[in-house]
Amino acid sequence: MAKLNLKTVNKKTKDQLITFVLVIAVYIVVQVMVAAGAISSLMQGLLVPMCTYSIVAIGLNLCVGYLGELSIGHAGFMCVGAFSSAFCTKLLEGVIGSQIMLFIIALLVGTAMAAFFGFLIGIPVLRLRGDYLAIVTLAFGEIIKNIINVLYIAKDGSGFHFAISNGNAIDLADDGVWLINGAKGIAKIPHLSSFTAGVILILISLFVVYNLVNSRSGRAIMAIRDNRIAAESVGINITKFKLMAFTISAAIAGAGGVLYAHNLSTVTATPANFGYNMSIMILVFVVLGGMGNFRGSIIAAVLLTLLPEVLRGLSDYRMLIYSIVLIVMMLFNWAPKCIEWRQKMAQKFRKNTKKEAV
């Protein structure tokens, strides 16, 4: 039994190392291609969004794949991270000269705020299951978006000014600045995000989730997913571990929101940015990449972000091909016959590898 456990641990460790090496290798290759001018400016503009969606997909996969709870409100946590960090950046822009330090502070604030809201929402929400949980998390995302759209915050020599729904109620001095301007969002955000920062955040997110799922807490979380009653019968604190996983998942989504906000000059809480469709898109990344498979989530996020742009030249057929690719990927990942075929191919590959080694 000890040898079996050792083999299992080694397999998990190798799988995780492959994921880290893959991310670093892709980063190096992309940087070399950018330096050589082999990547167009359009594709370079997609590098940070790819990192953003990968980070949020990793966070959601922790909630859906390991905790087993369907959340379709992670765009709300992403929104919290984006706006709280951008608000912090606007306040500290003239105080902190170093852009790296400013981004780190904004990252900490955005992640902490998303974690706080994840914890706050998780206390009542995680008592629900299945479709009910999905509906409540969806409602949270919509509530956050609508609150930001009616929130006005400004600052001038006399201090801060707040208003709800009516921005004209604020009598702002000539030297004043708008921090949050209702539906117009936050403007003139410093461009602090980069592909390098995105890759570092992906690696940090992977480090956090891998350490969690391989720990005692992670095994408790998976036990709750597999059989809640059995887990409770052996003394596992259901509320504690569900809340832990949900909070960490929200925090990672918030970190993705920080990267997203600081890649734009203006961030607004629109349905396109942080609405229902964004949550569904992130869920698609998780499902297509494989629930419980963080590497798969990253690959799915990258491919499905690149694909519409790669197919742009096909004009009318672009979305048709995109839809076909989604169906094929879904069948490849989840159809029983495809799973059986993949297992057979994996066994053949192992046999061939052993023969070559001999």
Side-chain angles (χ1 to χ4, degrees), residues 20 23-24 26-37 39-56 58-59 77-116 148 153-157 160 175-181 184-208 250-269 273-274 298 301-302 305:
F20 282 105
V23 172
I24 294 169
V26 169
Y27 169 74
I28 293 171
V29 170
V30 170
Q31 290 291 68
V32 170
M33 292 177 69
V34 170
I39 299 181
S40 66
S41 57
L42 176 63
M43 289 302 171
Q44 289 183 40
L46 291 175
L47 294 177
V48 174
M50 282 191 295
C51 292
T52 299
Y53 298 141
S54 298
I55 293 165
V56 182
I58 289 169
F77 298 119
M78 187 179 169
C79 183
V80 170
F83 274 86
S84 58
S85 63
F87 182 83
C88 175
T89 302
K90 291 283 288 183
L91 284 178
L92 300 177
E93 187 179 3
V95 179
I96 299 175
S98 171
Q99 288 196 336
I100 295 175
M101 185 58 65
L102 185 61
F103 182 72
I104 291 173
I105 293 172
L107 179 64
L108 293 174
V109 170
T111 305
M113 287 299 294
F116 172 74
I148 290 174
I153 302 177
K155 182 186 177 185
D156 58 16
F160 290 93
D175 62 340
V177 292
W178 285 100
L179 298 175
I180 299 179
N181 193 7
K184 294 180 181 178
I186 302 178
K188 298 181 181 178
I189 303 171
H191 190 278
L192 304 178
S193 295
S194 65
F195 181 52
T196 301
V199 171
I200 291 172
L201 285 179
I202 289 174
L203 294 174
I204 292 172
S205 301
L206 288 171
F207 179 78
V208 170
I252 294 172
V258 175
L259 191 69
Y260 179 87
H262 289 83
N263 189 48
L264 305 171
S265 59
T266 302
V267 60
T268 56
N273 292 342
F274 303 111
I298 296 172
V302 170
T305 304

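Residues: numbered from 1 along the sequence shown. The structure displayed is predicted, hence computed values, not measured ones.
Expressed to the nearest 0.5 Å, how far NZ of K155 lies from CG of L179 amounts to 7.5 Å. In this structure, the separation between OG on S85 and CZ on F103 is 8.0 Å, given to the nearest 0.5 Å. From T52, atom OG1 reaches atom CG of L46 across 11.0 Å, with rounding to the nearest 0.5 Å. Here CD1 of I148 is found 8.5 Å from OG of S84. Values are rounded to the nearest 0.5 Å. From M43, atom CE reaches atom OG1 of T305 across 11.0 Å, with rounding to the nearest 0.5 Å. To the nearest 0.5 Å, atoms CG (L259) and OG (S54) are separated by 10.0 Å.
The shortest side-chain heavy-atom distance between F20 and I202 does not fall under the 4.5 Å cut-off. Between I105 and L92, some side-chain heavy-atom pair lies under the 4.5 Å cut-off. Counting heavy atoms from C-beta on, the side chains of I298 and L206 come closer than 4.5 Å. You'll find the side chain of I24 reaches within 4.5 Å of the side chain of L203, heavy atoms only. A 4.5 Å side-chain heavy-atom check between H262 and V48 finds every atom pair outside the cut-off. Between I189 and L264, every side-chain heavy-atom pair lies at or beyond the 4.5 Å cut-off. Under the 4.5 Å side-chain criterion, counting only non-hydrogen atoms from C-beta, Y260 is not in contact with I55. Using a 4.5 Å heavy-atom threshold, the side chains of F195 and Q31 count as touching.
Between A253 and V56 the shortest heavy-atom distance is O-CG2, 4.0 Å. For M50 against V302, the heavy-atom pair with the smallest separation is SD-CG1, 3.6 Å. Summarising the geometry of A82 relative to F274, their closest heavy-atom pair is CB-CZ, 3.8 Å, with the distance given to 0.1 Å. The shortest non-hydrogen separation linking A106 to T89 is CB-OG1, 3.4 Å. The two atoms that bring K188 and E93 nearest to each other are O-OE1, 4.5 Å, heavy atoms only. Considering all non-hydrogen atoms of both residues, W178 and K90 come closest at O-CE, 4.0 Å.
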Under the side-chain contact (heavy atoms from CB on, under 4.5 Å) criterion, do I39 and L47 qualify, and how do the steps go?
CA-CA 11 Å; I39 299 181; L47 294 177; 5.6 Å; no
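Judged by distance alone, the side chain of T111 and the main-chain N or O of L108 form no donor-acceptor pair under 3.5 Å. Side-chain atoms of N263 do not come within 3.5 Å of backbone N or O of S193 as any donor-acceptor pair.
Residues Y27 and T196 bring a donor and an acceptor atom of their side chains to less than 3.5 Å of each other.
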